[in-house]
Amino acid sequence: LNAIRVSNAVMKITSNDENFAGLCPADDFPSLRNSTYLNSAGIGLIPAPVLERSSRFLSALGTYGTRSYFDHIDDIRQAPRIAAARLFGCDVQSIGLITSVAEGMSQFAWFVCPEAGQNVVVVDIDHPSAVYPWLRVAQDTGAEVRYVRVADDPLSLGVDKVAALVDRKTAVISVSHVMWTSGYRFDLEALGGLARSVGAYLAVDATQSAGVTPLDVRQMDVDFIAATGFKWLLSLAGAGICYLRPELAERMTPIMVGNNSTGAVIDRKPSGYDTSRYEFPHGAARLEYGSSAHLARYTLGGSLTYLEAVGITNIERHVIGLGDQLIAGLVQLGAEVLTPRAPEARAAIVTARFPGRDGTRLTAQLEAENVVVLPRLGGVRFSPHLFNSSADIEKALAALAKILSEAP
Ligand SMILES: Cc1ncc(COP(=O)(O)O)c(C=O)c1O
C-alpha cells in the first residue's frame with residue numbers, strides 16, 4: 001500500500017462546508033451550485049480534486065509519453081486494484097481491472113459456458129450487460145436463458161421469484177445487485193445461498209451499487225462481481241473493476257488473450273515477449289488481456305480513494321435518507337413509486353411513475369427546471385449520491401409539484 005501515491009496526492013476530506021449538507025466539501029462538485037444533479041445512475045460526477053489530478057496526468061502523458069507512463073504505472077495498474085480490494089473486502093489478487101461490465105461478464109460467461117440442458121437465470125428489467133453475455137453463449141451451446149419476468153410489476157421482484165426458476169440444471173444466476181430501472185436491491189447473501197444450494201454460480205453486476213452500498217465478499221457467496229467506473233464510482237467510462245472468486249481464477253482459461261497474458265502481468269516490463277506461448281497471470285488479473293484506457297484507470301484510482309475517505313457506510317446512510325425523503329414526497333405528489341420502500345431493498349435509485357404523464361416528457365420538463373434525471377420504466381429515475389443534499393431533494397420535489405400543477 002505504501003507504494004501507492006494516490007491517497008496522499010488526492011485529498012483530505014475532513015470537514016463539511018457549513019452551507020452544504022452533502023457528505024463532502026461543496027467545492028469538490030462545483031457544478032452543483034447551479035444545478036440539481038440527481039443522475040449518478042447515469043453518469044457520476046468526478047470530484048474536483050480527482051479531476052485536477054487526472055488532468056495533470058493526461059497532460060503529462062500526452063506531453064512526455066513513456067517517460068510519464070512509467071512514472072505513473074502504479075497509479076494506473078495497481079492503485080485502482082488495491083482500492084477495489086478494500087471496497088470488496090478481498091485480497092488484491094481477486095481483483096481484475098476491466099474496461100466495461102459487458103467485457104468482464106462476457107469473459108465470465110465463456111468461462112462458465114453453460115451447456116445444452118443447463119439454464120441461466122436472469123431478470124427481464126436488468127441491464128443488457130448482465131444478460132446478453134449469457135444469451136451469446138447460449139446461442140452457441142444451446143443452454144436455456146430463463147427470465148424472471150417482472151416488467152409488468154417491478155415491485156414484485158425478489159429472491160423468491162428467482163428461486164422459482166432455479167433448479168438442479170441451473171448453471172448460473174446472473175443479476176444486477178441493484179436494478180438500473182427500478183432500483184430494487186437484491187439480498188446477495190440469500191441469492192448466494194440459493195445458487196450454492198443447487199451448485200450454480202452467482203454472477204453480479206454491481207454497477208448500480210458499488211460506491212453507495214457496502215459490498216463485502218466475505219459476507220456473501222458470490223463468484224463474480226463486476227462494476228463499471230463511471231457511475232457511483234465517480235470515474236470515467238473505460239475502466240471498471242471485477243472480483244473473481246480465488247478458486248475460480250486459477251481454473252479460468254480466459255477467452256481473450258493479448259500482451260498481458262504473459263505471466264506476472266502487474267510487474268512486467270515490455271522488454272520482450274515470447275510469442276510462442278502465453279501464460280496467464282495469477283488471480284483475476286488474467287482477465288486483463290490487453291492495453292486499456294490509462295486515463296480512466298488513473299481516475300478510477302483517485303475516485304475510489306475519494307469514496308473510501310468519505311466512507312461507503314456513511315454514503316449508504318446518506319443516500320437511504322435522501323431516498324426516504326424522496327419517496328415520501330413522491331407519494332404526496334400522487335406518484336406510483338416503483339422502488340421498494342424497505343431500505344434494505346434499495347440503494348440510491350428511486351424510480352416513480354406519474355399517472356397521466358410520460359416519463360420522457362417529465363424528464364425534459366425537469367431539465368428545464370435545472371433538475372437532472374433520466375426516464376425509466378415509463379417514469380422518472382432519481383439517483384442522488386454523496387454530494388447531494390436534502391435541499392436538492394426539496395428542489396426536485398418542488399419542481400415536480402410545479403410541473404404537475406400544469407396541464408400535461
Ligand atoms: C446495471 C448496469 N450495468 C452496466 C452498465 C454499463 O455497462 P458497461 O460497462 O458494460 O457499458 C450500466 C449502465 O450503463 C448499468 O446500469
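In listed order, ligands and their atoms are each counted from 1. Please read all numbers here as calculations on a predicted model, not as lab measurements.
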Would you kindly check if the NZ (Lys) or CZ (Arg) of Arg53 is within the cone defined by 45 degrees around the ring axis of Tyr306 and under 6.0 Å from the six-membered ring centre? no
Got more than 12 heavy atoms from elsewhere within 6.0 Å of CG, Asn34? yes
Tell me, which protein residue and heavy-atom name are nearest atom 16 (O) of ligand 1, and how many Å apart are they? Gln208 NE2, 2.8 Å
Between the side chain of Ser94 and the main-chain N/O of Cys90, is any donor-acceptor distance below 3.5 Å? no
Within the structure, is a non-hydrogen atom of Glu103 found at a distance of less than 4.0 Å from ligand 1? no
Are Arg86 and Asp216 close enough for a salt bridge, meaning some N to O gap below 4.0 Å? no
Identify, for atom 3 (N) of ligand 1, the protein heavy atom at the shortest distance, and state residue, atom and that distance. Asp205 OD2, 2.5 Å
Just which atoms of ligand 1 are under 4.0 Å from any heavy atom in Ser176? 1 (C)
Checking a contact table here: which protein heavy atom is nearest atom 15 (C) of ligand 1, and how many Å away? His127 CD2, 3.2 Å
Considering heavy atoms of the protein only, find what lies nearest to atom 13 (C) of ligand 1 and give residue, atom and distance to 0.1 Å. Lys231 CE, 2.7 Å
Pair Arg146 + Asp124, salt bridge at N-O below 4.0 Å: no
Main-chain N/O of Ile125 paired with Thr181 side-chain donor or acceptor, under 3.5 Å: yes
Taking atom 7 (O) of ligand 1 as the reference point, the nearest protein heavy atom with its distance: Ser129 OG, 3.2 Å
If you measure from each non-hydrogen atom of Ala102 to ligand 1, which part falls under 4.0 Å: side chain, backbone, both or neither? both
Are Asp167 and Lys169 close enough for a salt bridge, meaning some N to O gap below 4.0 Å? no
Which bit of Ser100 gets closer than 4.0 Å to ligand 1, counting heavy atoms only: side chain, backbone, both or neither? both
Consider every N or O of Asp126 and every N or O of ligand 1, then say whether any pair is closer than 3.5 Å. no
Can you tell which part of Met179 has a heavy atom less than 4.0 Å from ligand 1: side chain, backbone, both or neither? neither
Hey, is Glu250 close enough to Arg286 for a salt bridge, meaning N to O under 4.0 Å? yes
Does only the side chain of Val101 get under 4.0 Å from ligand 1, or the backbone, or both, or neither? Count heavy atoms. both
